[in-house]
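Just below is one structure, and these are the notes that go with it.
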Amino acid sequence: MPAETIASEESWIIIVATQENQEKEETNAEAVKSAFGAKNRARLIARYFAEGEDTQCAAVDAWAHVYRLLLWIDQTTGLAHCYESDKSQPGKPWYGRSLAFHDWLSNALGTSPADLAHRIDWLFLRATEDLAAEVLRRAVKIEHATRQQRAPYSGRGFPKPGEDPELMTIVKDALDKYLGTPPPDEVWQRLIQQIRQYLTLENKRKNLVGEGFEDVLAEIVRRTCSASPLDVRARRLLQDIPGFNPPKKNEKPNKVDLAIVRPSMRTLVTAKWSVRADREKQFAADFGDYVQAESDGKPFEYVFVTNEFDPARLMRACEKLATNAPMFTHVVHISTDALKATYSGSKEPSMRRIVEFIDSGRLISLERWLTLLQTA
DNA sequence: AATGGCCACTTTATGGTTTC
DNA sequence: GAAACCATAAAGTGGCCATT
């Protein structure tokens, strides 16, 4: 594996970066300062659609774009992630469902179960390249300062940054018998740093999935509905949407995940890749704020878009009432086909219930929602 | 086994301050 | 007056744990 090493007499900074990154950086003169930030996400999403064949973005393929861009493989099972990791371990019920989902997805994307990993997670992989480049730039920048800080203590065997002796012992003990010659210090250090980077990388993902989901949906709506006059924005202030008052003083302004404004209707979207109980409570609180702030005396839609696979959570979203009418105008899942395939081997009533909701039109697919937006 | 809920994790955005 | 720097709030998610 090619690596960039910043050598110094003490050799304590070893940054791992792929050759590919380095080349990209040279051609890509502009440096990305916030790899996961709104600006870079927009740049990457634009690039994704520019490189693909489906530039217009057909409603029927919308789910595939979302999954190619955002879905990932669970490291512990090797399968496409559709539920909490601890419940998706081999032998537990959601392992079977994860297998079914993985099977459905590789088929639907026209690839094999073994190759699926390379067909998804586009956004995270690209953003991660930018992040690595930025980390490298920063390390170079502060290298001098770090060396000065350590200078007074040189020669006294102070621990080096990023050494992690415990992790090193684990690896050493495991391989001891098989190593003819003990590897040099730099090799150890690079290995340890690579392991740590690999492990921490996964934690960063949730950071990108959240707002990245909002951005991807916004872009898909824009491209799918390019024929009709509509204004789509992610994280728009409620007060900036026509017909909604600013908050009373001392109350903090409310941001809407996705706001779609058409001549005929204002649609406020809450977009959550997945759901937890605490987030469910937020739905009703937000809706209350929206109703409070409405100033035109005209109806608006409140839509929930998600990739949640838990039937209980989906059911509550479908059934939730505000006053005595359904709170959500639509409950939208990225792929109701994926849901059905994932549940197909399960006889639990909760899952049958969801299939009924799908069949009755209460829980609709992203494709269906986009066509509704196009026609209204 | 399913449910409900808490919170650790990580980054960005923002606003203020300092430096050149 | 731009830039660089710093501290802090906010956001969103998945893992995890206790309870049903």
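So you know, we letter chains A, B, ... as the sequences are listed, proteins then strands, and number each from 1.
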Any donor-acceptor N or O pair under 3.5 Å, side chains [X], [Y]:
| X | Y | result |
| --- | --- | --- |
| A:Thr76 | A:Ser85 | yes |
| A:Asp286 | A:Tyr302 | no |
| A:Arg262 | A:Ser228 | no |

| said: Can you list everything that forms a side chain to side chain donor-acceptor pair (under 3.5 Å) with A:Asn40? Sequence neighbours excluded, please. | reply: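 Partners of A:Asn40 under the side chain to side chain donor-acceptor pair (under 3.5 Å) test: A:Arg43, A:Asp130.
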_Results of side chain to side chain donor-acceptor pair (under 3.5 Å) for A:Arg316 - residues two or more places apart only_ =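 If we apply the side chain to side chain donor-acceptor pair (under 3.5 Å) test to A:Arg316, skipping adjacent residues, the hits are A:Glu280.
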Exercise for the section: Among residues two or more places apart or on two chains, list those pairs meeting ring-ring contact (aromatic ring centres under 6.0 Å, His included) that have a residue in residues 221-262 of chain A. Expected result: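 Checked against ring-ring contact (aromatic ring centres under 6.0 Å, His included) - neighbours excluded - the pairs reaching residues 221-262 of chain A are A:Phe244-A:Phe300.
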Could you tell me if the ring centre of A:Tyr48 sits under 6.0 Å from that of A:Trp122?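 Between A:Tyr48 and A:Trp122, the centre distance is under 6.0 Å.
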Readout for nucleotides 5-13 of chain C: B = base within 4.0 Å of protein heavy atom, S = sugar-phosphate only, - = neither; 5' to 3' it is S-----SSB
Are there over 12 heavy-atom neighbours, none belonging to A:Gln292, within less than 6.0 Å of that residue's CD?
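Result for CD/A:Gln292: open.
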**Q.** Contact check, side chains of A:Val269 and A:Glu214, non-hydrogen atoms, under 4.5 Å
**A.**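 Contact flag for A:Val269/A:Glu214 side chains = no.
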| So what does A:Arg41 touch, heavy atoms closer than 4.0 Å: a base, only the sugar-phosphate, or nothing? |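 If one applies the 4.0 Å heavy-atom cut-off, A:Arg41 turns out to touch nothing in the nucleic acid.
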Have a look at A:Lys33 and say if it touches a base, only the backbone sugar-phosphate, or nothing, with a 4.0 Å heavy-atom cut-off.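 Nothing, no heavy atom under 4.0 Å.
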### Query
Between which nucleotides of DNA chain B, 5' to 3', does chain A make heavy-atom contacts below 4.0 Å?
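Result: B:dA1 to B:dA13.
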DNA chain B: A:Ser34 or A:Arg276, which has the more 5' nearest nucleotide?
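Nearest-nucleotide comparison on DNA chain B picks A:Arg276.
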message: Strictly below 4.0 Å, N to O, side chains only: are A:Asp86 and A:Lys92 in salt-bridge contact?
response: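 The answer is no: the pair does not qualify as a salt bridge.
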Worksheet item: Near DNA chain C, which residues from residues 331-358 of chain A have a heavy atom under 4.0 Å away?
Response: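 None - not one residue of the stretch has a heavy atom sitting under 4.0 Å from the strand.
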